[in-house]
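By convention in this document, chain letters (A, B, ...) are assigned in the order of the sequence lines, proteins followed by strands, and residues within each chain are numbered from 1. Remember, predicted model here, so these are calculated numbers, not experimental data.
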Amino acid sequence: MPKRYTVTAALPYTNGPIHIGHLAGVYVPADIYTRYLRCQGKDVLFICGSDEHGVAISLKAKKEGKTPQEIIDKYDLIIRDSFEKFGIAFDNYSRTSREIHYETAQEIFKNLEAKSVFELKESEQLFDEEAQQFLADRFVTGTCPICSHPEAYGDQCESCGSSLNATELIDPKSTISGGKPALKSTKHWYLPLNRYEDFIKNWILEGHKKDWKPNVYGQVKSWVDNGLQPRAVTRDLDWGIPVPVIGGEGKVLYVWFDAPIGYISSTKEWAQQNGTDWEPYWKDKETQLVHFIGKDNIVFHCIIFPIILHANGHYILPENVPANEFLNLEGQKISTSKNWAVWLHEYLEEFPDQQDVLRYVLTANAPETKDNDFTWDEFQARNNNELVAIFGNFINRVVVLTHKYYDGKVPKSENLTDFDKAVLEEMALLPQKIGQAIEQYRFREASQTLMQLARLGNKYLADSEPWKLIKTDPQRVTTIMHTALQIAAGLSILCEPILPFTAEKLTKMLCLNSKKLSWDSVSDASTLINAGHQIGEAYLLFQKIEDEQMEQQRKKLEVSVAENKIESLKVAPLKPKTTYENFSSLDLKVATIIAAEKVSKTKKLMQLTVDLGEENRTVVSGIAQDFNPNDLIGKKVTLLTNLHPRTLKGIESNGMILLGENTEGNFVFVNPENKDAKTGLSIH
RNA sequence: CGCGAGGUAGAGCAGUGGUAGCUCGUCGGGCUCAUAACCCGAAGGUCGCAGGUUCGAGUCCUGCCCUCGCUACCA
């Protein structure tokens, strides 16, 4: 049994507000976990903060003509507010832009440098003279050296899927200034992950085979099996924490080096504010450390950060890293840029005082083992059929009956029948059952077990029928209502981790002193609420959600899509001038598609047979994501016939069909008379 | 043959060798204290496909198929 718990939730990145995906994947489960531990009287520290460095923030600032500081201040405020209003009860929520974090991160870096952990490497990188900046990964585009796609990124070509180095690109171009970057040599600090392979193997692959989630374990195993590589932990940027050692001038720490250290600096900040010592929470072996994250963070929390701590010495390692999968919205990936999301700050305005509904729905349908889908239909159904009909209704029945028969005073329990006893015994099992589910990070199960108690209550009332007996055997009714009230009180305690706002309302309604009743007291149900105790008036814990409200939400998403289309009308920049000879060398013909078939085992490739009049040709085209084979047959397209043949997945492709590509990256057929072909559409 | 996770009733999930289960939805019935809520019953499954191991396979092995992720400013 650990002496204390340090629980962290992934630091949200402050380049936008947070949405239901963040809540479902990380913050609600972490909050349930810590609330439960507190109900058990454990020493728990729940830590989080804003992650405020990295390329994306400086990029966003440049785009909006603001300073990075303005960006992070804005979103830190919004995010902080959303958390507070959703009852995510952090002990401390810090920021990585604070001084205490700079000190902490730099100290760890210096310590590793002193221990000669890092390797220094010099390499040639692309440099934008105009912007006076090195161009990493996505800051540069150019022609793919493998498939000649003209707009490959510095790290990857989306056309052929090859993974690239920015320096391999033919004719590279800066996405910042549009200029042609030069090669310049630069020096960086590398964390040699490869030297710690055995450490990770022993710790995770040997030590946590059984107790870690399969997705997390599998991901780590995959990384280790492929061989860990040294990883640069510094960057040539002006936004971030300065590299605090000689030769580090003008460089900053890689955001993924400093961000997880934010957990530690946030703990220090908390300790300072509370006049206590932070170190036991990170260095005492009797502390259980748990990181709640999304699956995209697995490598950082299971490999890189633990290696940093291990190399530094003294620090404890996480006992578990219960990473969740992703949540989709109405069948599509949640996307910040496409505004395909339910934003928490907007939900709070549109569904006032209904935080618990969202908490419940996201818990009941949490993406624990695979990606899940959030739909407004399900949201409505879970609210109306479960929270309202089962939970809220049970409470309402009990409280209304108690007022009707006994003026709101808890009646005496006389002789418990075997049936009463069986019901109470069933309730007695639940604290442990829910607790076990939570301790094993099975929050879906915990939420269902909680609802079992409300169901049990409804069934108890239906089976014992106090409204009938009140006419024939009023004495028996006192026992029934006493028992039902115990169940209501049990609910008020056991729902606290998942539905904290409801717990508070219910505690008030029953006039209970929440501090007196512990989690385990529910197992001894006879004492939860005593005879003679006066309870408060009934009011509804949950409101029905009507169809119109859901319709509005769905419409709102449609509007996002429409706005996004307007965005996509923006015209791609013009290419450099070319010659007539170049143009006339192209042989363009009209062709009719006569057969189309998806190439198996690929995402994008479609095998087409086209009729050119004199001959049929086979063309392989990367359009399978945007079209169905059946819709293509019979279509007329422009075919570039004299392109060199290329073999893709063993099929020789003879030519290329010309399609429009809008700025979302979706292909459309080119027919200038067609509605879909907006003015300025790119053809290639 | 890149790697990882998933594929079980209309939907969402549990079930790691021994009679296929839970919640929601659907249909039928009961009840009327309650937010037309609650309770009971029924229908609904070739457990992705094909082989194999076993007395016995949703569960173990092999091959294949599909979805998602690793790969977009997203957890």
Using purine N1 to pyrimidine N3 plus N6-O4 or O6-N4 for Watson-Crick, or N1-O2 and O6-N3 for G-U wobble, each under 3.5 Å, what pairs with [N]?
N: rU16(B); result: none
N: rC64(B); result: rG48(B)
N: rG2(B); result: rC70(B)

For [Y], does its backbone N or O pair with a side-chain atom of [X] as donor and acceptor, under 3.5 Å?
X: K213(A); Y: A323(A); value: yes
X: Q380(A); Y: M550(A); value: no
X: H53(A); Y: W256(A); value: no
X: E330(A); Y: W376(A); value: yes
X: S266(A); Y: Y263(A); value: no

The answer to which of N365(A) and R397(A) contacts RNA chain B further toward the 5' end, by nearest nucleotide, is N365(A)
Note: for F542(A) and K459(A) on RNA chain B, the residue whose nearest nucleotide lies more 5' is F542(A)
Polar pairs (N or O, both sides) under 3.5 Å between protein and nucleotides 23-26 of chain B?
{"unit_1": "rU23(B)", "atom_1": "O3'", "unit_2": "R455(A)", "atom_2": "NH2", "d": "2.7"}
{"unit_1": "rC24(B)", "atom_1": "OP1", "unit_2": "R455(A)", "atom_2": "NH2", "d": "3.4"}
{"unit_1": "rC24(B)", "atom_1": "O3'", "unit_2": "N385(A)", "atom_2": "ND2", "d": "3.2"}
{"unit_1": "rG25(B)", "atom_1": "OP1", "unit_2": "N385(A)", "atom_2": "ND2", "d": "3.0"}

Take atom NZ of K433(A) as the centre, draw a 6.0 Å sphere, and report whether it contains more than 12 heavy atoms from other residues, nucleotides or ligands. no
Taken in chain and number order and not counting sequence neighbours, the residues that satisfy salt bridge (Lys or Arg N to Asp or Glu O under 4.0 Å) with K66(A) are E64(A)
Residues passing the salt bridge (Lys or Arg N to Asp or Glu O under 4.0 Å) test with D238(A), sequence neighbours excluded, are none
Remember a base hit wins even if backbone is also touched, and classify [X] as base, sugar-phosphate or nothing at under 4.0 Å, heavy atoms.
X: N297(A); answer: sugar-phosphate
X: K213(A); answer: nothing
X: G25(A); answer: nothing
X: K295(A); answer: sugar-phosphate
X: S335(A); answer: nothing
X: A389(A); answer: sugar-phosphate
X: L541(A); answer: base
X: Y405(A); answer: nothing

Look up atom [atom1] in [X] and atom [atom2] in [Y], then write down how far apart they are to the nearest 0.5 Å.
X: I57(A); Y: I71(A); atom1: CD1; atom2: CD1; result: 8.5 Å
X: L193(A); Y: I303(A); atom1: CG; atom2: CD1; result: 7.5 Å
X: Y347(A); Y: S82(A); atom1: OH; atom2: OG; result: 12.5 Å
X: F86(A); Y: D31(A); atom1: CZ; atom2: CG; result: 11.5 Å

Exercise. Is any side-chain nitrogen or oxygen of N15(A) closer than 4.0 Å to OP1 or OP2 of rC74(B)?
Worked result: yes
What is the separation between atom [atom1] on [X] and atom [atom2] on [N], rounded to the nearest whole Å?
X: K221(A); N: rG2(B); atom1: NZ; atom2: C1'; value: 14 Å
X: L228(A); N: rC3(B); atom1: CG; atom2: P; value: 17 Å
X: E368(A); N: rC22(B); atom1: CD; atom2: P; value: 20 Å
X: W256(A); N: rC74(B); atom1: CH2; atom2: C1'; value: 12 Å
X: H403(A); N: rA34(B); atom1: NE2; atom2: P; value: 14 Å

Only residue of L485(A), T479(A), I480(A) satisfying side chain to side chain contact (heavy atoms under 4.5 Å, CB included) with T483(A) is T479(A)
The single option from D356(A), V28(A), T363(A) that satisfies side chain to side chain contact (heavy atoms under 4.5 Å, CB included) with I498(A) is T363(A)
Could you run down the sub-3.5 Å N/O contacts of the protein with nucleotides 28-32 of chain B?
none

| query | Has K209(A) got its NZ or CZ under 6.0 Å from the middle of the six-membered ring of Y217(A), at an angle within 45 degrees of the ring axis? | reply | no
Expressed as a whole number of Å, how far does the [atom1] atom of [N] sit from that of [M]?
N: rA20(B); M: rG44(B); atom1: P; value: 16 Å
N: rG6(B); M: rG45(B); atom1: P; value: 26 Å
N: rA9(B); M: rC55(B); atom1: C1'; value: 30 Å
N: rA50(B); M: rC38(B); atom1: C1'; value: 48 Å

Testing rU35(B), rA34(B), rC74(B) for proximity to the side chain of V388(A), the answer is rU35(B)
Contact between Y93(A) and I88(A) at the side-chain level, heavy atoms closer than 4.5 Å - yes or no?
no
Residues of residues 66-75 of chain A with a heavy atom under 4.0 Å from any atom of RNA chain B, listed by number, are none
Expected string for nucleotides 6-11 of chain B under the B/S/- scheme (protein heavy atoms, under 4.0 Å, primed atoms plus P, OP1, OP2 as sugar-phosphate) is S-----
